[in-house]
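Presented below is the structure to which this report refers.
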Number of protein chains: 2
Amino acid sequence: MRKQERERLILQFLDENGYIDVSDIESKCSVSAITARRDLEKLAKLGYLVRTHGGAVKEESVSNLFSFSKRIDHSTKKKIAIAKYASQFIHDNDAILMDSGTTIFRLCDFIQKRNDLKVITSSLPVASELIKSPAIKVFLIGGEVFPDRRATYGPIASEHISHYHAKKAFIGTDGVSIQSGITVQDVNEVTRIKSMINVADKVYLLCDSSKIEQNSLFKMAPISTIDYLITDDAVSEEIVEKYKEAGVEILVAEVE
Amino acid sequence: MRKQERERLILQFLDENGYIDVSDIESKCSVSAITARRDLEKLAKLGYLVRTHGGAVKEESVSNLFSFSKRIDHSTKKKIAIAKYASQFIHDNDAILMDSGTTIFRLCDFIQKRNDLKVITSSLPVASELIKSPAIKVFLIGGEVFPDRRATYGPIASEHISHYHAKKAFIGTDGVSIQSGITVQDVNEVTRIKSMINVADKVYLLCDSSKIEQNSLFKMAPISTIDYLITDDAVSEEIVEKYKEAGVEILVAEVE
DNA sequence: GTCTAAATGGTTATTTATGATTGTTATAAT
DNA sequence: ATTATAACAATCATAAATAACCATTTAGAC
C-alpha cells in the first residue's frame with residue numbers, strides 16, 4: 001500500500017470512528033509505527049486531523065468558533081466511543097436536548113447526517129457544530145455564558161428550558177453513584193441540568209467509567225431520574241448489576 | 001499489449017481498486033517499470049489520476065484543502081472604522097445589547113478590555129469572542145439558531161430579550177432611509193431587532209454609507225427609533241443634515 | 001532494404017519513503 | 001505523588017522509486 005492510499009484510509013477510518021490509533025495504522029496498513037506517525041503528522045499539518053498521544057482524532061471543527069482545546073489523552077477515545085454508542089438512540093425527526101461537556105460534544109460527529117433533527121442545547125460548541133448541518137434545527141438555550149464550559153446557565157437559562165419539550169436528553173456529569181446520584185463540580189450546572197431532566201421523556205447520562213461511583217461536590221439529582229447510563233467497557237459486571245437493581249440500565253460502549 | 005490497451009487497463013484497475021502500483025502494471029502488462037511510469041505520467045497530465053510515489057491513486061481520492069480567504073477589502077476597512085468609532089460609547093460597567101452581523105462583530109476587538117461590561121447578544125461569534133475576556137459577562141439570547149447569520153431568532157428569542165434591559169443597543173442593518181426607516185433582507189431579523197430596540201435606552205445603528213438611503217425588503221422600524229447612526233466618511237453633508245432634521249444624529253468614522 | 005519516429009528498455013545519480021535505534025516525554029496504574 | 005509503560009522526536013540507515021540520459025526495438029513509409 002502506498003502512502004496516499006494509507007492517507008485516504010486513515011481519513012476514512014477517522015470519519016467513521018472519530019479517532020484512530022497508531023497501532024491501527026500499523027496493523028491495517030502493515031507499516032511501522034514511525035511511518036504511521038509520520039502519516040498522522042503530515043495530515044495534522046494539513047489540518048485534516050488532530051494529533052493525540054497514540055493516535056489522532058477527527059478535526060471536527062476547522063471552522064468551529066467554539067472548539068474545545070484538543071486534549072491529548074486516552075480518555076478522548078473513551079468519550080468518542082461513548083458518544084458513538086449514544087448516537088444510535090438519536091433518530092430522524094427526533095427532538096433532543098444536549099447539554100454541554102466534551103463527551104456530549106462528541107455526539108455531534110455522529111448525528112450530522114440526521115434528517116429533521118431538532119436539537120436544544122446549552123452548549124455553544126454543540127450549536128456551532130450542528131448549524132453546519134442543514135437538516136438539523138438548533139435551539140440555543142439563552143442565559144449567561146459560562147466561559148469555562150462555553151455553555152449558558154443561570155436562572156434565565158433554566159427558565160428558558162421550560163419552554164421546550166424533548167423526547168430524550170443527553171447529559172454529562174462529573175460523578176455518579178447509587179448513594180448520591182448525579183453530582184457535579186460546579187453549582188451553576190445544577191439547576192440547568194435539573195430543568196433539562198424535567199422536560200425530557202428519557203434521560204441518557206453519558207460518562208466514562210472512571211466517574212462511576214465517584215462523587216463530586218454538588219448533588220444534582222438522584223440516580224432514579226436517569227433512564228440510561230452510557231459508559232465505556234472498563235465498567236465491571238458487578239456495577240452493571242447494582243445499577244440495574246437501582247433502576248438504571250448501563251449501556252456499555254466498546255472502546256475498539 | 002498496446003499502449004492504449006494498457007491505459008484502458010490502468011484506469012479500469014484504478015476505478016476498481018482506488019490505487020495502482022507501478023509493479024502492478026509491470027506484471028499485468030509485462031512491461032518495464034519505466035514504461036509503466038511513463039503511462040502514469042501521461043494519464044496524470046491528462047488529469048485521469050494522481051501520481052504517487054510508486055504508483056497512482058484515483059483523482060477523486062485526493063481531498064482538497066480548505067482555503068480560508070481572509071481578505072481585508074475596502075468594505076471591511078469601513079466596517080472596522082465604524083466599529084472602532086462606536087466602541088467609544090461603550091464604557092466600564094455598561095450593560096449593552098449587541099446584535100449579529102459583521103459590523104457589530106468588529107466591535108469585539110475594541111471592547112475586550114472593558115471592565116465589568118455586560119453584553120447581551122444574539123450573535124454566536126460575538127459571544128465566542130467576548131467570553132475570552134474575563135471582565136466581560138456575556139448573556140446569550142436563546143432561541144432557534146439561524147445558521148447563515150450564526151445568530152438566534154424567532155419568537156423565543158424575542159421573548160427572551162424582554163428579560164433584559166440595557167443602556168445601549170448596537171444594531172446593524174441592510175438598509176436605512178428617512179422614508180422607510182430601517183429595513184432588512186430577512187424577515188426573521190425583524191422581531192428580534194424590534195425587541196432589542198424596545199429594551200434599550202439608546203439605539204446605535206451601525207451601517208456603512210453605501211446602505212444609507214437604500215431600502216431592503218422588510219421594514220423594521222421607523223427612523224425615529226434610532227438615536228445615533230454611525231457610518232463611514234463617504235456620507236454626504238447633505239444627508240447628515242437631512243437626518244438631523246429627522247431626529248437622527250449621524251456620527252462619521254474616518255476610514256484610515 | 002533503408003529510413004524515420006514512436007515506443008520501449010537499461011543504467012545511474014538523486015529523491016522519497018520507510019525502518020531501526022536511542023534518549024526523552026507523556027500517560028496510566030499504583 | 002511515584003513508578004512503569006507506552007509514545008514520542010531526532011538521528012541515521014536502507015530500500016525503493018524516480019528523473020535523466022542514452023540505447024534498442026518496432027512499425028510503417030519510401
Side-chain angles (χ1 to χ4, degrees), chain A residues 1-11 13-14 19-46 48-57 68-82 102-103 207-214 231-236 239 254-256, chain B residues 1-11 13-14 17-46 49-57 61-62:
Chain A
M1 190 180 323
R2 301 289 156 189
K3 199 170 191 251
Q4 275 80 354
E5 179 62 9
R6 271 204 319 271
E7 286 170 9
R8 202 185 60 71
L9 232 90
I10 290 167
L11 291 174
F13 187 91
L14 214 50
Y19 66 89
I20 194 165
D21 285 355
V22 169
S23 59
D24 290 334
I25 303 170
E26 279 189 74
S27 58
K28 275 180 212 299
C29 305
S30 322
V31 290
S32 68
I34 187 137
T35 303
R37 253 183 266 123
R38 275 199 270 247
D39 286 349
L40 293 180
E41 204 177 312
K42 182 191 165 190
L43 292 170
K45 211 167 193 172
L46 291 168
Y48 289 116
L49 49 79
V50 175
R51 205 65 174 64
T52 68
H53 200 84
V57 295
F68 285 104
S69 55
K70 307 293 183 323
R71 276 186 297 174
I72 312 216
D73 56 21
H74 166 77
S75 67
T76 304
K77 218 194 324 187
K78 286 184 184 172
K79 286 174 181 172
I80 292 170
I82 292 168
T102 47
T103 311
C207 80
D208 58 79
S209 54
S210 66
K211 290 171 181 167
I212 294 178
E213 287 306 299
Q214 296 294 313
T231 190
D232 58 85
D233 52 12
V235 69
S236 72
I239 282 180
E254 299 290 327
V255 185
E256 177 83 344
Chain B
M1 192 180 316
R2 285 280 149 71
K3 199 172 191 227
Q4 272 84 351
E5 175 69 359
R6 274 204 318 273
E7 286 173 8
R8 201 186 57 71
L9 226 89
I10 290 168
L11 291 174
F13 187 90
L14 212 51
N17 295 54
Y19 65 98
I20 194 166
D21 285 358
V22 168
S23 60
D24 290 334
I25 303 171
E26 278 186 73
S27 58
K28 274 181 210 300
C29 306
S30 321
V31 290
S32 69
I34 189 142
T35 303
R37 253 182 266 122
R38 276 198 269 249
D39 287 347
L40 293 179
E41 204 176 311
K42 182 191 165 190
L43 291 170
K45 212 165 194 172
L46 293 169
L49 49 79
V50 173
R51 204 65 176 61
T52 70
H53 201 82
V57 292
S61 72
V62 181

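Residue numbers start from 1 in every chain, and the chains themselves are labelled A, B, ... in the order their sequence lines are given, proteins ahead of strands. Note that these values count all heavy atoms, side chains included, but never hydrogens, waters or copies made by symmetry.
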Closer than 4.0 Å, any side-chain N/O of [X] to the OP1 or OP2 of [N]?
X: B:Arg51; N: D:dA17; value: no
X: A:Arg6; N: C:dT18; value: yes
X: B:Ser32; N: C:dT8; value: no
X: A:Arg2; N: C:dT16; value: no

[X] side chain: which of [options] is closest?
X: B:Ile34; options: C:dT8, D:dC8, D:dA20; result: D:dA20
X: B:Arg38; options: D:dT18, C:dT8, D:dA10; result: C:dT8
X: A:Arg37; options: C:dG10, D:dC8, D:dA10; result: D:dC8
X: B:Val22; options: D:dT18, C:dT8, C:dT18; result: D:dT18

What is the distance, rounded to the nearest whole Å, between atom [atom1] of [X] and atom [atom2] of [N]?
X: B:Tyr19; N: C:dA17; atom1: OH; atom2: P; answer: 17 Å
X: B:Ile25; N: C:dA7; atom1: CD1; atom2: P; answer: 16 Å
X: A:Glu5; N: D:dA17; atom1: CD; atom2: P; answer: 16 Å
X: A:Glu7; N: C:dA17; atom1: CD; atom2: P; answer: 9 Å
X: B:Asp39; N: C:dT8; atom1: CG; atom2: P; answer: 7 Å
X: B:Leu40; N: D:dT18; atom1: CG; atom2: P; answer: 8 Å
X: B:Glu41; N: D:dA20; atom1: CD; atom2: C1'; answer: 11 Å
X: A:Glu26; N: D:dA7; atom1: CD; atom2: P; answer: 8 Å

Need to verify one output field. Residue with the more 5' nearest nucleotide on DNA chain D, A:Gly55 or B:Ala33?
A:Gly55
Shortest non-hydrogen contact from A:Leu11 toward A:Tyr48
CD2-CB, 3.6 Å
Heavy-atom nearest pair, A:Ser209 first then A:Lys78, reads OG-NZ, 4.3 Å
Between A:Thr102 and A:Lys79, does any side-chain donor sit less than 3.5 Å from a side-chain acceptor?
yes
Considering heavy-atom distances to DNA chain C, does B:His53 or A:Thr35 have its closest nucleotide positioned more toward the 5' end?
B:His53
Please work out if B:Ser23 contacts a base, only the sugar-phosphate, or nothing of the nucleic acid, heavy-atom cut-off 4.0 Å.
nothing
So, B:Arg37 side chain and B:Glu41 main chain: donor-acceptor pair closer than 3.5 Å or not?
no
Measure from the side-chain N and O atoms of A:Ser30 to the backbone N and O of A:Glu26, and report whether any donor-acceptor pair falls under 3.5 Å.
no
